[in-house]
Participant: 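Take a look at this one; I'll ask things after.
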There are 2 protein chains.
Amino acid sequence: MSIGTVDRVLHNRGEVAESTKKKILKIIEELDYQPNFLASTLASKKSAVFATLFPEPPSAEGYWNKPFIGVKKRISELKPYGIQIEHFTFNQPDSKSFAAEAKKIVELQPDGVVLAPFFKKESVHFIEQLKENNIPFVFIDSEIKNAGHLSYIGQNSYQSGFVSAKLLDLSLRTGNIMVIHFAKEMDNQNHLVQREIGFYDWFQVSNKEKHEIFTTEIADTDTDLWMEKIKKEITEKNIRGIFVTNSKVFYVGRMVEKYGLSDLKIIGHDLLKENTDFLKKGIVQFLICQRPEEQGYNAINKLFRNVVQKRKVSEENYTSIDIVIKENIDYYKEFK
Amino acid sequence: MSIGTVDRVLHNRGEVAESTKKKILKIIEELDYQPNFLASTLASKKSAVFATLFPEPPSAEGYWNKPFIGVKKRISELKPYGIQIEHFTFNQPDSKSFAAEAKKIVELQPDGVVLAPFFKKESVHFIEQLKENNIPFVFIDSEIKNAGHLSYIGQNSYQSGFVSAKLLDLSLRTGNIMVIHFAKEMDNQNHLVQREIGFYDWFQVSNKEKHEIFTTEIADTDTDLWMEKIKKEITEKNIRGIFVTNSKVFYVGRMVEKYGLSDLKIIGHDLLKENTDFLKKGIVQFLICQRPEEQGYNAINKLFRNVVQKRKVSEENYTSIDIVIKENIDYYKEFK
DNA sequence: CTGAAAGCGCTTACAG
DNA sequence: CTGAAAGCGCTTACAG
């Protein structure tokens, strides 16, 4: 039995007689042999290529820069392994651009993919092709169930709505509540809906009937027209609490400043610069945060461990639902 | 110029003529040479030994198991580097046992140390010796300022008290507040004091004078005698909120159950099993958490990056001040 | 189907 | 002070 033969059974490369294979397997077992992956990666000069498919952030302050910061961090740590990253982005409201970028990725034939499955139909089509090509993929941010993904990394959106409800109730003596979706194409943004359902359910379960809850969708924020409407509703409906289901709570902050509104308790998501500014000013009371940098970092790590190190990885990876207030914000900002 | 000579200047091992050294350095510069640490660690079969010095947890559920879980996690990930870990523990109230274990560590001459500097005087003496022997060390949990440590990993205790105050105030319409230290030898447990100061300061700064605050120290919990006393005070002083400065809030939970007290808002620290049970029952409202497993993990990682990989590491590493409630607890429990 | 050899990018004695 | 050689634990052609 030479070292070459052993290597062949170790990696199932065939060309080994069944009898010797058995013999070798037995010895491996007895010795509890653990391959040294330093030596392994050094010798096999093959380097993996990973592709990411995220929404294009509208600016350098946009949410979707954050997961990519984590991606780059892990890639740079993995430098000696020579892993390449190819980053693809699509226009957030445009499912065609998603499909177009997905196609490019299939053509590239990478060794692994991280994607935010924003558009259900297009995502399903994409991952069918990935599966045909035996390319493992990780979902980030939101999830398609039973899709054959290697892993999902993101928040449990329903539970996050639950948390928001609890916090708003805690802060509110009286008055009603408005839930605001700043979004187009709500059908596809399933996690916003999940947050809303969780929010309503908490009040249901807790049997707190002192607040009435209204939901509004705002698709167009190009002008300030929506502000007029919302402001009117706030007065008419005696709104004292506002829950914004995504990272756009800064719009509400701007409205509050514009009209000099007071006595509102406001809760939103994600530590965008403008959001944290409003938190520090005391205009926004709570931000729910999901550590997006960590999500990007972990997604790459999953691929690395699976593709390069051939290890098993866990499928569900819910990130924590962090409650951020003025008093603890400073310990959430930096990603190291 | 042979590869051996190049290696000598790369690692400052001397025995190189000044002129050739300069020449080599110049070429390294031009090529932007980056050593391949896979090859490096593979070839140099030296393995580091790290030592940890933590308090002995009273049981398998004790707080100090958690940092050690993180330590073991990182060590196991670093297995190919062959890093050894030697774990030392001292009895929490006994400074002599701390000193004795510290002495053992100095005799061991490890390549790096992680310690919880519980006893100021003994810790200072210990780190003097570490410095003499050129052994880098990382503080965990609490910190001695300007001690020449490689890094500190833990919470900003003052700020954490601030957060607790804010949350308790949010939950409390009326009534007074009791701060409880379950601790012996308070002088040495500086972070408990810091939390208390932060707690008081928040009420000061926020100018909320609706609650009066009382502080109590409970050194002896071997019997339930303290419960009588506290229960009496709660009634006499109209206490509606309780802040426990460390992980022992389960004692208060037990008291609440024993006497069937109600209408108390209680906040404590750390996700011990018994604490999270009380949180889920609704007896404790908030737990402030500091990700102790992550602290252990990161402490070893700092040593690894500095000692093995010879990289610079950042000195201050405040962990986040996590606000844990019934609704988000499930996403804080597992450490992966 | 099997084995011997070269090489991955470094480190470590050792001869000169 | 300098260079040539062996070796770390693996992978990868290639000869048989």
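In this text the structure is predicted, and so the values were computed from the model without any measurement. All chains are named by letter (A, B, ...) in the order of the sequence lines, taking the proteins before the strands, and each is independently numbered beginning at 1.
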Participant: Closer than 3.5 angstrom, by distance alone: can the side chain of A:S151 be matched with the main-chain N or O of A:S314 as a donor-acceptor pair?
Facilitator: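 Yes, because the side chain of A:S151 sits within donor-acceptor range (under 3.5 Å) of the backbone of A:S314.
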
Participant: Given that both pair distances must be under 3.5 Å and the pair must be Watson-Crick or G-U, what runs of three or more consecutive pairs involve DNA chain C?
Facilitator: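 Paired runs of 3+ in DNA chain C: C:1-3 with D:14-16, C:5-12 with D:5-12, C:14-16 with D:1-3.
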
Participant: Any salt bridge linking A:E77 with A:R74? Criterion: basic side-chain nitrogen under 4.0 Å from a carboxylate oxygen.
Facilitator: yes

Participant: Please report the C-alpha distance between B:F126 and B:V106 in whole Å, then the side-chain angles of each, then the deciding distance to 0.1 Å, and finally whether the side chain to side chain contact (heavy atoms under 4.5 Å, CB included) criterion is met.
Facilitator: CA-CA 8 Å; B:F126 180 32; B:V106 174; 3.7 Å; yes

Participant: Between B:F54 and B:W64, how do the two ring planes meet: parallel, tilted or perpendicular, split at 30° and 60°?
Facilitator: tilted

Participant: Could you list all N or O pairs between the protein and nucleotides 6-9 of chain C that sit under 3.5 Å apart?
Facilitator:
from, atom 1, to, atom 2, distance (Å)
C:dC8, O2, A:A43, N, 3.3
C:dG9, N2, B:A39, O, 3.3

Participant: Taking A:N91's backbone N and O only, do any of them form a donor-acceptor pair with A:S97's side chain (distance below 3.5 Å, no angle check)?
Facilitator: yes

Participant: Would you give the length of the straight line joining atom CG of B:L53 to atom CZ of B:F90, rounded to the nearest 0.5 angstrom?
Facilitator: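 The CG atom of B:L53 sits 5.5 Å away from the CZ atom of B:F90.
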
Participant: Enumerate the salt bridge (Lys or Arg N to Asp or Glu O under 4.0 Å) contacts for residues 133-144 of chain A, please, sequence neighbours excluded, ordered by first and then second residue.
Facilitator: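 Every salt bridge (Lys or Arg N to Asp or Glu O under 4.0 Å) pair that includes a residue of residues 133-144 of chain A, provided the two are not neighbours, is A:E143-A:K145.
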
